There are 2 protein chains.
Amino acid sequence: MSKKATIYDIAKELNITAATVSRALNNNPKISEKTRELVLATATKLNYKQNRLALALKSGKSKNVGVVVPFINKNFFASVIRGIEDELYPKGFHVIISQTYEDTTREKKIIQNLLNAQVDGILLSTAFTEQNKEEFRESLKKNTPFILFDRVLRFKEISTVTIDDYQGGFKATEHLILQGCKRIAHFDVDQSIELYKHRFKGYKDALAKYNLPYRHEYVISLKSNMEAGKDAAEKLMNLPIPPDAIFSSTDNGLLGAVKYLQSQSVRIPEDLRVVGFSNEPFTQFMEPSISSVDQSPLEMGKMAAQVFLEQIENDSMDKVQSNVVLPAKLIVRKSSSK
Amino acid sequence: MSKKATIYDIAKELNITAATVSRALNNNPKISEKTRELVLATATKLNYKQNRLALALKSGKSKNVGVVVPFINKNFFASVIRGIEDELYPKGFHVIISQTYEDTTREKKIIQNLLNAQVDGILLSTAFTEQNKEEFRESLKKNTPFILFDRVLRFKEISTVTIDDYQGGFKATEHLILQGCKRIAHFDVDQSIELYKHRFKGYKDALAKYNLPYRHEYVISLKSNMEAGKDAAEKLMNLPIPPDAIFSSTDNGLLGAVKYLQSQSVRIPEDLRVVGFSNEPFTQFMEPSISSVDQSPLEMGKMAAQVFLEQIENDSMDKVQSNVVLPAKLIVRKSSSK
DNA sequence: TTGTACGCGTTATCAC
DNA sequence: GTGATAACGCGTACAA
């Protein structure tokens with residue numbers, strides 16, 4: 001009773017062979033209408049359900065995909081995963097998630113694990129940087145499709161999905177300039193990560209376009225957390241000529257800065273305007289609400305899923321490589337406008 | 001080259017049989033040290049990796065668990081999943097996630113899918129309520145362990161992990177009373193869902209303990225979003241005697257109310273104090289910061305995972321049922337204190 | 001200590 | 001149209 005019914009059980013019940021049952025279940029044309037109905041009937045009667053594992057072993061397709069991110073309980077990644085699952089579930093795929101904790105050793109193990117589990121593809125936002133790019137490359141030497149998103153590394157034959165970080169940095173900075181700001185500081189995170197490099201370049205190019213001087217003392221590298229943001233803000237305000245705006249590549253860092261500045265009676269936006277990056281949910285509800293660049297995580301997830309689906313369409317043939325770049329949307333709120 | 005190496009490949013290489021290879025790989029005592037080393041050597045040489053699928057089919061254990069939630073891009077669920085993954089990954093399990101979108105039809109299909117995929121267990125927060133409890137029960141008739149968390153339904157033999165919602169409701173209300181509030185309103189969501197019923201009961205009992213009257217016009221049922229919160233707040237303020245506090249079972253509903261009240265120049269906490277439920281990240285950064293009951297999502301996930309692990313320990317034997325109840329922690333912030 | 005044979009549940013390729 | 005058989009990759013009684 002409790003054991004799961006197999007095609008053998010239903011074959012035995014009907015005095016036919018398992019092969020015939022299989023054919024009936026799979027709409028194989030070579031079968032009589034009568035036996036098909038008989039099979040279907042007893043299948044429901046015995047509460048038969050196909051064993052995906054057996055099918056996977058047989059076909060070589062597990063219908064599972066691995067999704068690898070630093071942490072899943074971060075709004076951005078959770079939303080990307082949502083986009084992926086939204087897109088892949090209807091196609092019959094199951095989404096396996098793993099967290100790297102931003103530890104590259106762990107990331108390598110996870111990839112290996114996923115590969116051993118015979119996933120049909122891996123979508124991941126990597127913890128590796130330009131410095132250890134080659135070490136990461138070794139993990140990719142497989143016939144399994146890899147799709148990199150957000151935090152990517154560029155390789156021939158590996159598809160990527162990112163937003164236009166350069167454009168995001170440029171737009172944010174330009175917006176501050178157009179609001180009348182002349183001394184715009186920048187919170188950077190890590191220049192060995194492509195996306196921060198691009199945001200930084202967007203910042204610099206915007207300054208240049210409007211003939212504003214670039215001052216290195218206005219650029220601070222920090223961890224993406226409140227504490228670091230507070231320290232950075234303190235440092236900036238102690239400068240002989242403090243800035244009148246901050247474009248931060250990290251919302252969390254900016255958050256710490258804003259809280260500190262408010263404690264020091266610096267008025268935002270009157271005394272200093274700020275724009276962040278990521279459009280974290282809290283930016284919307286703060287007082288003042290914080291302007292930020294949206295990363296379209298849902299769309300990013302959907303695109304990554306679609307690229308994966310395309311990849312497994314062309315039967316192993318020419319591995320087309322896609323490099324999707326989503327637009328960066330600046331969300332203007334009170335923190336940067338009058 | 002590109003094909004994955006199997007134990008047969010390494011057997012052929014060494015002119016031994018696959019069985020021997022298998023033994024060597026699994027630390028089977030019945031094998032000579034020499035051949036073990038030989039096997040291990042050529043295994044790494046051929047870059048052999050165990051195929052989890054084949055093992056799963058053979059052993060009947062997929063080492064996959066399904067986690068089912070309404071939406072993954074909601075902080076609470078994302079954090080629960082994090083707790084689950086943190087706990088299960090080290091034990092060699094992969095976590096498959098699925099979203100119900102709070103659609104019971106979809107939830108049933110997802111469960112069936114997961115079962116077909118031979119998951120070793122399913123951890124889920126259900127969209128079913130007391131009204132269609134029996135329909136949900138049918139999905140559970142399996143030998144596969146089910147662990148229900150947060151939004152649960154009670155069945156014999158089905159384990160649950162929840163927080164003490166009654167205590168949360170009681171503490172929040174008592175806190176407001178001790179702050180001097182006498183007319184405390186309550187935002188409820190849906191009384192056919194156990195957790196909201198418990199929070200509501202905690203609210204009522206706290207009122208009773210301090211001899212405050214219960215007034216039905218102060219209790220409003222609403223959807224868990226800003227729009228509904230705004231409407232509810234409006235309704236409350238139009239009462240002949242408006243409340244001087246709100247205990248809301250939903251942070252999101254309360255958020256809408258607070259934004260509306262502020263637009264009406266109602267001062268928080270001076271004119272009206274509020275406490276929410278869930279400790280959503282944004283509550284911490286708002287102005288004023290919002291008091292809320294924390295649900296310990298990480299711990300909930302870890303506990304759910306542990307209960308699952310215990311469940312599969314006792315080999316099919318007496319299916320022990322656990323009902324873990326985590327404490328509810330009231331986080332007091334500016335919105336409810338002087 | 002090692003080899004042989006079989007089964008896990010399915011589908012595909014042959015025959016008949 | 002249906003049956004028998006092999007194969008996917010692995011682990012394990014049983015025999016040697």
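All values reported here derive from a predicted model rather than from experimental measurement.
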### Task
Determine, stepwise, if the pair B:Q321 / B:E157 fulfils side-chain hydrogen bond (donor to acceptor under 3.5 Å, both in side chains).
CA-CA 5 Å; B:Q321 177 211 15; B:E157 315 241 326; over 6 Å; no
With heavy atoms under 4.0 Å as the rule, sort [X] into base, sugar-phosphate or nothing.
X: A:L53; value: nothing
X: A:T17; value: base
X: A:I7; value: base

### Query
Got a sec, which residues hit ring-ring contact (aromatic ring centres under 6.0 Å, His included) with B:F71, two or more places apart in sequence or on another chain?
B:Y101
### Task
Check ring-ring contact (aromatic ring centres under 6.0 Å, His included) between A:F93 and all other residues, then give those that pass, not counting sequence neighbours.
A:F308
### Task
For B:K61, look at atom NZ and say whether over 12 heavy atoms of other residues, nucleotides or ligands are found less than 6.0 Å away.
no
Under a 3.5 Å threshold, yes or no: a donor from one side chain and an acceptor from the other, between [X] and [Y]?
X: A:E107; Y: A:T126; result: yes
X: A:K45; Y: A:N47; result: no
X: B:R23; Y: B:N28; result: no
X: B:T17; Y: B:T20; result: no

### Task
Determine, stepwise, if the pair B:N64 / B:Q118 fulfils side-chain hydrogen bond (donor to acceptor under 3.5 Å, both in side chains).
CA-CA 8 Å; B:N64 285 155; B:Q118 315 301 119; over 6 Å; no
### Span of DNA chain C in contact with chain B (heavy atoms, under 4.0 Å)
C:dT1 to C:dG9
Could you tell me which non-hydrogen atom of [X] sits nearest to which non-hydrogen atom of [Y], and how far apart they are?
X: A:R151; Y: A:A127; answer: NH2-O, 3.1 Å
X: A:L195; Y: A:D150; answer: CD1-O, 3.4 Å
X: B:M300; Y: B:Q295; answer: CE-O, 3.9 Å

## Note on the structure
When B:L57 and A:N15 are each assigned the nearest nucleotide of DNA chain D, the 5'-most assignment goes to A:N15
### Task
Go through residues 22-38 of chain B and report each residue with a non-hydrogen atom lying under 4.0 Å from DNA chain D, sorted by number.
B:S22, B:R23, B:N26
### Message
Can you see whether A:F155 has A:K133 sitting over its ring - NZ or CZ less than 6.0 Å from the centre and within 45° of the normal?
### Response
yes
### Message
Under 4.0 Å, heavy atom to any atom of DNA chain C: which of residues 41-52 of chain A qualify?
### Response
A:Y48, A:K49, A:Q50, A:N51
### Query
When you list every nucleotide of DNA chain D with an atom under 4.0 Å from a heavy atom of chain A, which one comes first 5' to 3', and which comes last?
D:dG1 to D:dG9
